[in-house]
Amino acid sequence: LGLTGLTQFPDAWTEEGIYYVSGTTIDGVNIFHVPIDAKSHLITGPGAALTSGPGMKIAVTAAAGGVLAYSDVTAGIGVWTASARPDDGFVAADIRNATRDIMQKFYPAVSRNGEQLAFIAFGGLKGAKLEVRRTDFAGRGETILPTQARGISFVHYPRFSHDGSL
């Protein structure tokens, strides 16, 4: 499983080769190099990854001898909390991040009493890591909840029932 090549295009070239970016915005867009013949401009060998990991390494510029410069764009999807009074539209200035790791977070749900938060944590297509997590606003930590799902599916929308169970 894993979607590679969703983004793939040449970004820079020198006499030694072509630098291209390939990957996905979730698993990472990384820089690769494929050697070319300076006279025939034909590819002379396999492509090789120069970077790896999350983020998007883009806007590559290259000089002879392998000197590179590029932008590393890293976006995070998190769950944030704020105190609010919906009756008068007030939102307090104490907005804070409710999660503590780099996994992407989706579909938050707050318990009726406002003491707990549940959400989906997604760790990328290659790792096929999808978790339903629960935490409390007192900062006692997160709990990974077991699910019945198989594979990657974004049909999990954690919701608290009226009695506070998840």
Quiz item: Distance from E15 atom CD to D37 atom CG, nearest 0.5 Å?
Solution: 10.5 Å
Quiz prompt | Shortest non-hydrogen separation from P10 to I18 and the atoms involved | solution = CB-CG2, 4.0 Å
Exercise. Mind checking ring-ring contact (aromatic ring centres under 6.0 Å, His included) for Y20 and listing every partner two or more places apart, or none if nothing turns up?
Key: F32
Quiz item: Under a 4.5 Å cut-off applied to non-hydrogen side-chain atoms, are V132 and I120 in contact?
Solution: yes
Exercise. Would you name the heavy atoms of P46 and P35 that are closest together and state the gap between them?
Key: O-CD, 3.5 Å
Quiz item: Of the non-hydrogen atoms in V29 and V21, which two are nearest, and what is the gap between them?
Solution: CG1-CB, 3.8 Å
Practice problem: Working to the nearest 0.5 Å, report the span between OG1 of T143 and CG of L145. | Solution: 6.5 Å
Self-check item: All ring-ring contact (aromatic ring centres under 6.0 Å, His included) counterparts of Y19, not counting sequence neighbours
Solution: H33
Quiz item: For the residue pair T24 and D27, what are the closest heavy atoms and their distance?
Solution: OG1-N, 2.9 Å
Show which side-chain atoms of residues 47-59 pair as donor or acceptor with protein atoms under 3.5 Å away, not counting sequence neighbours.
| unit_1 | atom_1 | unit_2 | atom_2 | d |
| --- | --- | --- | --- | --- |
| T51 | OG1 | N30 | OD1 | 2.9 |
| T51 | OG1 | I31 | N | 2.8 |
| K57 | NZ | N30 | OD1 | 3.2 |
| K57 | NZ | S52 | O | 3.4 |
| K57 | NZ | G53 | O | 3.4 |
| K57 | NZ | P54 | O | 2.6 |

Practice problem: Provide the closest heavy-atom pair for G45 versus V34 in the form atom of the first, atom of the second, distance. | Solution: O-CG2, 3.3 Å
